[in-house]
Amino acid sequence: MFTGLVQATGRIVARDGGTLVVRPDAAWADLEFGESIAVNGCCLTLEASRGGVMTFHTLRESLRRTNLGVLPLGAAVNLERALKLGDRLGGHLVQGHVDTAAKVLACGKLPDGDFDLRIALAPECAPLVVTKGSIAVDGVSLTVAETGRDFFAVRLIPVTRRETALEERDAGGTVNLEFDVLGRYILRQTELREASPAATSAITMDTLREAGFL
């Protein structure tokens with residue numbers, strides 16, 4: 001489990017089959033074999049840490065579903081170590097299970113100095129994104145500022161953009177998305193209730209939408 005608060009950035013230095021090698025920009029001296037590290041929001045298991053680089057095994061599914069399989073060598077990635085019990089939860093609960101990779105539509109600076117990041121949203125994912133709700137973009141915990149039929153937007157303060165890999169995600173690039181886990185469970189339970197002929201609950205998708213949950 002993670003919080004979506006990036007602890008360091010790194011660079012992809014090698015990718016061969018299921019092996020991904022990342023060089024962190026800041027050294028972590030106490031890394032342990034087998035620990036979980038989120039790389040661009042994707043939970044990976046550390047297989048080795050030596051020579052200033054970290055080596056992970058990436059499943060075919062991970063490469064297919066995330067941008068880790070398409071980012072060029074040298075691309076920046078966000079890094080976060082797993083949350084410890086008792087740690088401060090500054091972002092939101094992030095599992096490290098990326099739902100999908102999506103295209104960046106635009107990233108522009110606003111008059112107040114913040115950045116507006118707009119990301120394409122597939123129709124089947126739209127019910128999981130709500131205004132003022134939480135979402136992890138390349139592993140960064142962010143708040144949804146705006147939703148549309150086929151996109152959503154988040155705001156980045158200058159330090160977030162500067163200190164994370166999102167600084168390199170311009171229009172046409174790809175970012176990893178993990179939707180809020182609570183929203184996923186609510187949507188699934190609602191779908192099952194509507195599909196069951198024995199369902200008696202008065203709660204429907206329309207009820208949740210009117211209440212602002214969707």
Side-chain angles (χ1 to χ4, degrees), residues 2-13 15 20 22-26 28 37-44 54 56 58 62-63 65-83 89-122 125 128-148 150-181:
F2 306 90
T3 69
L5 299 184
V6 172
Q7 296 169 320
T9 56
R11 298 278 171 179
I12 298 176
V13 296
R15 182 175 49 225
L20 180 71
V22 175
R23 183 182 302 279
D25 294 332
W28 282 337
I37 296 177
V39 181
N40 265 7
C42 180
C43 180
L44 299 178
M54 301 185 298
F56 305 91
T58 48
S62 298
L63 295 177
R65 189 178 288 272
T66 74
N67 61 9
L68 296 180
V70 298
L71 288 174
L73 297 184
V77 291
N78 294 318
L79 304 172
E80 182 188 353
R81 301 177 74 176
L83 180 70
L89 183 62
H92 72 282
L93 290 177
V94 177
Q95 292 183 301
H97 302 162
V98 174
D99 291 292
T100 188
K103 292 293 184 183
V104 175
L105 299 176
C107 185
K109 192 172 185 178
L110 300 172
D112 62 4
D114 293 343
F115 289 84
D116 178 75
L117 179 63
R118 293 181 175 252
I119 300 170
L121 188 63
C125 298
L128 292 166
V129 181
V130 297
T131 303
K132 302 305 179 184
S134 297
I135 192 168
V137 179
D138 269 355
V140 182
S141 175
L142 296 169
T143 300
V144 177
E146 182 183 350
T147 57
D150 56 0
F151 80 95
F152 72 95
V154 293
R155 301 288 190 266
L156 306 177
I157 61 175
V159 67
T160 299
R161 188 170 186 270
R162 183 175 66 249
E163 299 296 329
T164 71
L166 293 180
E167 186 175 29
E168 296 188 2
R169 306 298 186 256
D170 295 320
T174 305
V175 291
N176 295 330
L177 303 180
E178 182 185 327
F179 306 114
D180 182 36
V181 63

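Just so it is clear, the structure is predicted and the values come from calculations on it, not from any experiment. No hydrogens, no waters, no symmetry mates; every other heavy atom, side chains included, goes into these values.
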Exercise: identify the closest heavy-atom pair between [X] and [Y]:
X: L79; Y: P24; result: CD1-CB, 3.9 Å
X: E168; Y: A76; result: OE1-N, 3.3 Å
X: F2; Y: A38; result: CE2-N, 3.5 Å
X: W28; Y: E80; result: CH2-N, 4.4 Å

Just jot down the side chain to side chain donor-acceptor pair (under 3.5 Å) partners of [X], sequence neighbours excluded, or say none.
X: S62; result: none
X: N78; result: none
X: E167; result: none
X: D25; result: T9

- Apply salt bridge (charged side-chain N to carboxylate O under 4.0 Å, His left out) to E163 and list each qualifying residue two or more places apart in sequence or on a separate chain.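 With sequence neighbours excluded, E163 shows a salt bridge (charged side-chain N to carboxylate O under 4.0 Å, His left out) to no residue whatsoever.
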- Message: Run the salt bridge (charged side-chain N to carboxylate O under 4.0 Å, His left out) test against R15 and tell me which residues pass, sequence neighbours left out.
- Response: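 Counting only residues at least two positions away or on another chain, R15 forms no salt bridge (charged side-chain N to carboxylate O under 4.0 Å, His left out).
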Atom pair [atom1] ([X]) and [atom2] ([Y]), whose distance is rounded to the nearest 0.5 Å:
X: I157; Y: R162; atom1: CD1; atom2: CZ; answer: 9.0 Å
X: L63; Y: L68; atom1: CG; atom2: CG; answer: 7.0 Å
X: L166; Y: T160; atom1: CG; atom2: OG1; answer: 8.0 Å

Check: residues 113-121 side-chain donor-acceptor pairs under 3.5 Å, at least two apart:
| from | atom 1 | to | atom 2 | distance (Å) |
| --- | --- | --- | --- | --- |
| D116 | OD1 | R155 | NH1 | 2.3 |
| D116 | OD2 | R118 | NE | 2.6 |
| R118 | NH2 | E146 | OE1 | 2.7 |

- Item | Option passing side-chain contact (heavy atoms from CB on, under 4.5 Å) with V77 (candidates L20, V39, T164, V6) |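 Passing option: V39.
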Only counting residues at least two apart or in another chain, list the ones meeting side-chain contact (heavy atoms from CB on, under 4.5 Å) with [X].
X: T100; answer: C125, L177, F179
X: N67; answer: N40, V70, L71, D138, R169, T174, N176
X: A171; answer: none

- Task: In sequence, state the C-alpha distance, the side-chain angles, and the governing distance for V130 and T147, and then conclude on side chain to side chain contact (heavy atoms under 4.5 Å, CB included).
- Result: CA-CA 7 Å; V130 297; T147 57; 5.8 Å; no
- Item | Side-chain donor/acceptor of E178 to backbone N/O of V94, under 3.5 Å |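 Here the side-chain-to-backbone pair does not exist.
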- Can you pull the salt bridge (Lys or Arg N to Asp or Glu O under 4.0 Å) pairs that have at least one residue in residues 97-110, sequence neighbours excluded?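 Residue pairs with at least one partner in residues 97-110: D99-R184.
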